[in-house]
Protein chains: 2
Amino acid sequence: MTSTVSAAPVSAAPLTGTDALNQLVDLVAADMLRVNETIIARMHSPVALIPQLAGHLVAAGGKRLRPMLTLAAADLCGYRGDDHVKLATCVEFIHTATLLHDDVVDESLLRRGQASANALFGNKPSVLVGDFLFSRAFELMVEPGNLKVLEILSRASRVIAEGEVQQLITANDIATTEASYLEVIQGKTAELFAAACQVGAEVAGKTGSPAKALHDYGMALGIAFQLVDDYLDYSANQEKLGKTVGDDFREGKITLPVILAVAQADEAERTFWARTMEALEQTDDDLPDAMRLMEKYGTLQATIDRARAYGDAAKASLDQFPDGPMKQSLIGIVDFCIERAY
Amino acid sequence: MTSTVSAAPVSAAPLTGTDALNQLVDLVAADMLRVNETIIARMHSPVALIPQLAGHLVAAGGKRLRPMLTLAAADLCGYRGDDHVKLATCVEFIHTATLLHDDVVDESLLRRGQASANALFGNKPSVLVGDFLFSRAFELMVEPGNLKVLEILSRASRVIAEGEVQQLITANDIATTEASYLEVIQGKTAELFAAACQVGAEVAGKTGSPAKALHDYGMALGIAFQLVDDYLDYSANQEKLGKTVGDDFREGKITLPVILAVAQADEAERTFWARTMEALEQTDDDLPDAMRLMEKYGTLQATIDRARAYGDAAKASLDQFPDGPMKQSLIGIVDFCIERAY
């Protein structure tokens, strides 16, 4: 039944992930311009250090995936108003505030390939400017006057904080289970993806089933996204993204590639993981050794496989929406998130 | 005209500040019990470290002045519903989150006479549990569904963050003006007092003039409160409160007693202030010397005088409300805040 012609990829093949990202970028370009203007306008403060520090992160850019999801979800639900621009800005502010507080917490030196805000400005301003952005997000999200949206985003912010604390607790504990790891990444990452998508539906008045479907799409996409991130931390591709390989290992952050390797470890390997990840006694040889163990048990591949399964679930969540370019690009974004691994 | 009998205080004298505090405590006792229950219930999280760390601060107690103001304002405006209990809890959560982030920021070792949360638990959990409490406050304040209240409290949170950043900028700068100092304390302290009082009026449906009056009361009270705090940092009474004398001096925090002394300083004194507060080159003799200079120019007394003036303004803001025990205790609270100085 399948064509006998296509052994090699042909131009009629479905969009690759990067094409899908570009398609989404094009589809929301006009709205995204307004989001960027709103970001600039609303991070303004008479206290000059605030836009200066926040601007450092905002200028560094990144893909702005989360606010794009809000815009796309609103469009998919037929929204024709203006409030989605404010809500997309809120989502980006909450994300940026989290990054600022995460930098304080992790003392990470690189973020998006640039020196982190706290390395440049110190911990104190990073905490407080994060608080500013977080408060500003709430101030902004009150403006549309949609209580359901407020409920969703305030709940998401709380769950993010819980996920971050849970991550602290499981750090350096090689007894961490896959279930506990999943809770952490749902909280710290996927919850905001889910909320970003859901508020797009809510602002369009599509409460109920469409809002639930977009929530589920964002949640599964967010989990897949973080699984790939945690895979990438042990991948040479990481360097292309301007990040160093093995940060998680050096911090003793227990992610799925490690959890699966510990689960299959023999006595000597278990001792290795306990020394390096729990006691944080590491030499230069340890990261390569850790990666060899992950290779031995195929845990990096297994991590990607799980990301694919969540990606499939994300796509399936969109079944109820009529086909069209926006739905296609949301499906393609799932592939984009997973293809970052390659 | 005045009685010739009373050289010594007699029992018919007006309430002292402490009596007024006790009166307020009695008047709101039933509601405050519910606030305390709500605090316990809403700081709960499946992530055990969160209630554990937040509970450390909550158990340490303090006077809970801010939530009491919300309850009192609601009562003064004739409110008979339940939402003021939630809003008072929000106000306390925002305040506690600020303390947690302030501890990270200032690396202060004592807070309410106990080891600070970040000294016990580390900076990382303090930032993140602060974020939890802050998010939880927003989650909780959405529940009554009053958009005006949401606008007031989200705006207040943003202004607090601006005030804290502004304080960082003016730290170690002896050119800081009294006007700039006032902006800082309005932001970091008085704004939450104002919002706490105003939402009490709003939840009672008393928008407009009563809400504005209670906002102004809280703002003036908050400024007076912080002026007294900054006075107390150089007062022996400070030790009774379980805090160390001269913390602000050692950190180079520029408060009014210093600003007024710098303004009147001769050449040698100016060099002293630049060395101790800007360069932070301090010896054991410097704090006593600084206090002698404040004494010389009467700047501690001048600070208290300004607190009194703001206290009078706070009392005058309540003119439109009918007399009664609640109004009397709100007037008395002003005296309580100022009498802490003695």
Side-chain angles (χ1 to χ4, degrees), chain A residues 45-50 53 94 97-98 100-102 104-107 121-169 171 183-184 187, chain B residues 45-50 53 94 97-98 100-102 104-107 121-169 171 183-184 187:
Chain A
S45 164
V47 182
L49 180 60
I50 290 174
L53 195 155
I94 292 173
T98 311
L100 278 168
H101 287 187
D102 205 43
V104 169
V105 160
D106 290 336
E107 289 159 16
F121 295 91
N123 271 343
K124 297 182 182 199
S126 292
V127 173
L128 298 175
V129 172
D131 288 348
F132 171 88
L133 287 175
F134 197 48
S135 308
R136 182 67 98 183
F138 279 99
E139 219 180 346
L140 191 53
M141 82 182 72
V142 172
E143 293 181 14
N146 183 323
L147 285 167
K148 184 70 187 169
V149 159
L150 288 162
E151 189 189 311
I152 292 163
L153 287 172
S154 60
R155 186 186 170 283
S157 300
R158 187 256 303 164
V159 173
I160 292 169
E162 288 180 323
E164 297 267 3
V165 176
Q166 179 72 18
Q167 176 171 263
L168 277 184
I169 295 169
E183 274 175 35
V184 167
Chain B
S45 164
V47 182
L49 180 60
I50 291 174
L53 194 155
I94 292 172
T98 310
L100 278 168
H101 287 187
D102 206 42
V104 169
V105 161
D106 289 337
E107 288 158 17
F121 295 92
N123 272 342
K124 298 181 183 199
S126 292
V127 173
L128 297 176
V129 173
D131 289 348
F132 171 88
L133 288 175
F134 196 49
S135 308
R136 182 67 98 186
F138 279 99
E139 218 180 346
L140 191 52
M141 83 181 71
V142 171
E143 292 180 16
N146 183 324
L147 285 168
K148 184 71 186 168
V149 159
L150 287 162
E151 189 189 310
I152 293 164
L153 287 173
S154 60
R155 186 185 171 285
S157 300
R158 188 254 304 162
V159 173
I160 292 168
E162 289 180 322
E164 297 268 3
V165 176
Q166 180 72 18
Q167 176 171 263
L168 276 185
I169 295 170
E183 274 175 35
V184 167

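Keep in mind that the numbers below use all heavy atoms, side chains included, and drop hydrogens, waters and symmetry copies. In what follows, every chain begins at residue 1, and chains take the letters A, B, ... in the order their sequences are listed. Just so it is clear, the model here is predicted, and its values are computed rather than measured.
- With a 4.5 Å cut-off on side-chain heavy atoms, Asp131(B) and Glu164(A) do not count as touching.
- The greatest number of non-hydrogen atom pairs below 4.5 Å with chain A, out of Ser135(B), Gly187(B), Ala156(B), is found for Ser135(B).
- A 4.5 Å side-chain heavy-atom check between Gln167(B) and Lys124(A) finds every atom pair outside the cut-off.
- Residues Val142(A) and Glu151(B) come closest through the heavy atom pair CG1-N, 4.0 Å.
- Contact annotation for Ile169(A): only side-chain heavy atoms (C-beta onward) come within less than 4.5 Å of a heavy atom of chain B.
- Counting only residues at least two apart or in different chains, ring pair (Phe, Tyr, Trp, His ring centres under 6.0 Å) contacts with residues 133-163 of chain A comprise Phe134(A)-Phe138(A), Phe134(A)-Phe134(B), Phe138(A)-Phe138(B).
- Across all non-hydrogen atoms, the minimal contact from Glu162(A) to Val47(B) is O-CG2, 3.7 Å.
- For the pair Leu128(A) and Ala161(B), the tightest heavy-atom approach, listed with the atom from each and the gap, is O-CB, 3.9 Å.
- Note on residues 138-148 of chain B: pairs passing side chain to side chain donor-acceptor pair (under 3.5 Å), not counting sequence neighbours, are Arg158(A)-Glu139(B), Arg42(B)-Glu143(B), Lys86(B)-Glu143(B), Arg136(B)-Glu139(B).
- Proximity to chain A involves both the backbone and the side chain of Leu147(B), based on heavy atoms less than 4.5 angstrom apart.
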